[in-house]
Amino acid sequence: MKTIVYKISETDETVWLKAAGGVLAAGGLVGIPTETVYGLAANALDAEAAAKIYAAKGRPSDNPLIVHISDISMLDGLVTEIPGTAQKLAETFWPGPLTMIFPKKDVVPYGTTGGLDTVAVRMPSHPVARKLIGTTGIVLAAPSANTSGRPSPTRAEHVYEDLNGKIDMILDDGPVGIGIESTVVDMTGSVPMILRPGYITREMMEAVVGEVRVDPAILGENRDKNFQPKAPGMKYKHYAPKGDLTLVSGPDEKVVKKIRELASEKLAAGFRVGIIATEETKALYETVVQGNSKPVVMSIGTRKDEDTIIHNLFDVLRRMDGEEVSYIYSESFEEGSRGKAIMNRMLKAAGHQQIYV
Ligand code: TXA
Ligand code: MG
């Protein structure tokens with residue numbers, strides 16, 4: 001299959017809308033920008049179209065898809081019950097990076113929900129996603145547009161890298177705004193429960209609806225095998241770069257010292273090494289040398305602004321792949337209000353290899 005790429009900035013809106021709308025109406029797949037990450041979109045109410053998403057991504061069939069809407073009126077058609085708390089969260093955070101889970105109506109096929117009786121719904125704020133859904137009237141099932149297990153795509157180039165030849169079209173609107181996926185919250189119980197941490201924090205939601213819980217299985221980062229996460233996607237290996245990633249946590253000075261040591265050891269043994277640093281620390285690693293070899297040092301952003309770290313996270317992991325490093329050492333980012341969301345992705349990328357100093 002030939003994957004057609006439209007650059008939004010260089011294409012008439014009527015042209016890309018007609019082309020992408022045509023693909024979706026015919027049951028095909030389109031990579032689309034959203035404000036969180038790029039999504040791989042298909043008609044959510046067409047089980048055959050949804051099946052193509054799983055095939056293109058190599059996604060396990062029990063991992064349900066998020067259904068994207070462009071207007072609150074579309075929610076009624078998909079779910080049997082909208083609790084008052086969900087209404088309030090929607091009024092406050094939609095359009096935006098919040099996904100809510102509801103009991104599904106029969107029109108939503110099990111092929112979209114991974115066999116579950118619930119459906120995850122999100123109203124993205126990205127103008128391209130909204131325009132496409134609004135104009136076609138097609139609600140879009142869209143997981144992140146990466147090959148299953150790889151870092152989520154924050155640029156159209158990432159989608160192309162993973163899915164060229166496997167999907168019909170990509171709408172390229174440059175890098176996304178946020179850079180990590182939406183917060184997923186289950187609204188089917190008496191108290192909302194966060195199943196995946198994201199850009200909308202627990203505190204932000206509690207300010208609107210009172211108590212919000214967090215799935216115990218993700219709090220302990222799955223170390224206890226008796227806790228199965230409620231979002232099926234949270235149990236899979238995810239975001240992994242090709243190099244062996246280890247996170248180092250502790251006071252800044254000790255972390256820098258430890259990473260310098262670890263990097264030196266691997267360089268001395270003849271391996272290519274990557275270091276994920278910050279604007280504040282990158283210079284401290286650039287002086288590591290063993291014979292003729294130095295580590296590849298990348299800054300993920302500045303500790304003065306957590307959003308920069310979120311924005312660059314997946315791109316840095318993918319660029320490390322490009323450098324063909326065998327070992328990667330990274331600083332940790334627990335502190336900020338979105339530390340849980342960041343560390344959730346980084347720990348998965350590291351297969352939970354973490355050193356405390
Ligand atoms: O920001 C995002 O949410 C992006 C953009 C494209 O919208 N999408 C995204 O989709 O991250 P995906 O498929 O990569 O992640 C969806 C997560 C998975 O962990 C999945 O298991 C969970 O949501 N999920 C979806 N439907 C669910 C349901 N009915 N019950 C429990 N978990 C569900
Ligand atoms: Mg994903």
Side-chain angles (χ1 to χ4, degrees), residues 29-42 44 50 53-54 56-70 78-79 93-105 108-126 128-130 132-133 139-154 158-159 162-163 171 176-189 192-200 215 217-218 222 228-240 310 314 341 344-345 348-349:
L29 304 183
V30 182
I32 62 165
T34 84
E35 71 278 23
T36 55
V37 299
Y38 273 78
L40 180 57
I53 292 181
Y54 288 89
K57 278 180 62 91
R59 182 177 175 107
S61 61
D62 70 344
N63 191 3
L65 307 174
I66 295 173
V67 179
H68 296 68
I69 60 176
S70 62
L78 302 171
V79 312
F93 299 114
W94 279 0
L98 180 71
T99 296
M100 290 192 274
I101 293 172
F102 303 93
K104 78 169 189 71
K105 277 191 174 160
V108 183
Y110 285 114
T112 293
T113 68
L116 298 176
D117 288 312
T118 54
V119 60
V121 183
R122 171 165 118 76
M123 191 197 296
S125 65
H126 196 288
V128 170
R130 293 176 62 71
L132 189 57
I133 301 164
V139 292
L140 297 178
S144 49
N146 51 285
T147 297
S148 220
R150 293 212 69 209
S152 295
T154 55
H158 299 163
V159 182
D162 282 11
L163 299 174
L171 299 180
V176 300
I178 294 178
I180 57 168
E181 308 88 339
S182 62
T183 306
V184 177
V185 58
D186 184 356
M187 303 305 296
T188 63
M193 188 186 284
I194 295 174
L195 307 189
R196 178 176 71 183
Y199 198 74
I200 306 287
D215 184 356
I218 59 171
N222 314 345
Q228 272 293 333
K230 292 194 176 58
M234 297 294 279
K235 69 175 183 273
Y236 294 109
K237 185 170 148 69
H238 218 309
Y239 311 127
I310 289 173
F314 290 131
N344 169 265
R345 273 74 179 177
K348 284 188 169 201

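When a ligand or atom number is given, it counts from 1 through the structure's own listing order.
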Between [Y] and [X], is there a side-chain heavy-atom distance shorter than 4.5 Å?
X	Y	value
His126	Thr36	no
His68	Ile133	yes
Ile180	Arg345	yes
Pro192	Met100	no
Ser182	Leu98	no
Val121	Thr99	no
Leu65	Ile53	yes
Lys230	Asp215	yes

Min heavy-atom dist [X] to ligand 1 below 4.0 Å:
X	answer
Pro124	no
Pro97	no
Lys104	no

**Asn63-Tyr54 side chain donor-acceptor pair, cut-off 3.5 Å** = no

**Asked** Going by atom types only, do Arg59 and Thr147 share a side-chain donor-acceptor pair under 3.5 Å?
**Response** no

Region of [X] engaging ligand 1 - heavy atom pairs below 4.0 Å:
X	result
Glu35	neither
Pro143	both
His68	side chain
Leu195	side chain

Quick one: look up the protein heavy atom nearest [atom] and list residue, atom name and how far away it is.
atom	answer
atom 23 (O) of ligand 1	Val184 CG2, 3.8 Å
atom 13 (O) of ligand 1	Arg59 NH2, 2.8 Å
atom 22 (C) of ligand 1	Ala231 CB, 3.9 Å
atom 6 (C) of ligand 1	Gly39 CA, 3.6 Å
atom 14 (O) of ligand 1	Ser144 OG, 3.0 Å
atom 19 (O) of ligand 1	Gly233 CA, 3.4 Å
atom 33 (C) of ligand 1	Pro64 CG, 3.5 Å

Testing the basics here: between [X] and [Y], what is the closest heavy-atom pair and its distance to 0.1 Å?
X	Y	result
Gly111	Ala50	O-CB, 3.8 Å
Asn146	Lys57	O-NZ, 3.1 Å
Pro97	Ile178	CG-CD1, 3.7 Å
Thr113	Pro64	O-CB, 3.3 Å
His158	Ser152	ND1-O, 4.4 Å

Out of all atoms in ligand 1, which are within 4.0 Å of some heavy atom of [X]? Include the element for each.
X	result
Ile66	3 (O), 8 (N), 9 (C), 10 (O), 16 (C)
Thr36	1 (O), 2 (C), 4 (C), 5 (C)
Ser182	1 (O), 2 (C), 3 (O)
Lys230	31 (C)
Ala142	6 (C), 8 (N), 10 (O)
Thr118	28 (C), 29 (N), 30 (N)
Leu116	28 (C), 29 (N), 30 (N)
Ala120	25 (C), 26 (N), 27 (C)

**Prompt:** Taking N or O atoms only and a 3.5 Å limit, does Arg122 qualify as a polar contact for ligand 1?
**Reply:** yes

**Prompt:** Do any nitrogen or oxygen atoms of Arg196 come within less than 3.5 Å of a nitrogen or oxygen of ligand 1?
**Reply:**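 By distance alone, the answer is yes.
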
**Asked** Sub-3.5 Å donor-acceptor pair from the side chain of Glu35 to the main-chain atoms of Gly177, do we have one?
**Response**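 No.
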
**Item:** Short side-chain to backbone donor-acceptor contact, Arg130 and Pro124, under 3.5 Å
**Value:**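 Between the backbone of Pro124 and the side chain of Arg130 there is a qualifying donor-acceptor contact (under 3.5 Å).
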
**Item:** Val30: which of Leu40, Leu171, Leu140 passes side-chain contact (heavy atoms from CB on, under 4.5 Å)
**Value:** Leu171

**Asked** Can you list the protein N, O or S atoms less than 2.8 Å from the Mg ion (ligand 2)?
**Response**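 Correct list: Ser144 OG.
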
**Item:** For atom 18 (C) of ligand 1, the option (of Ile53, Asn63, Val185) bearing the nearest heavy atom
**Value:**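 Nearest option to atom 18 (C) of ligand 1, by heavy atoms: Asn63.
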
**Asked** With respect to atom 31 (C) of ligand 1, which of Val176, Ile101, Asn146, Thr183 exhibits the smallest heavy-atom separation?
**Response**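 Going through Val176, Ile101, Asn146, Thr183 one by one, Ile101 has the nearest heavy atom to atom 31 (C) of ligand 1.
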
**Request:** Report the residues that fulfil side-chain contact (heavy atoms from CB on, under 4.5 Å) with Val176, sequence neighbours left out, ordered by chain and then residue number.
**Result:** Tyr38, Thr154

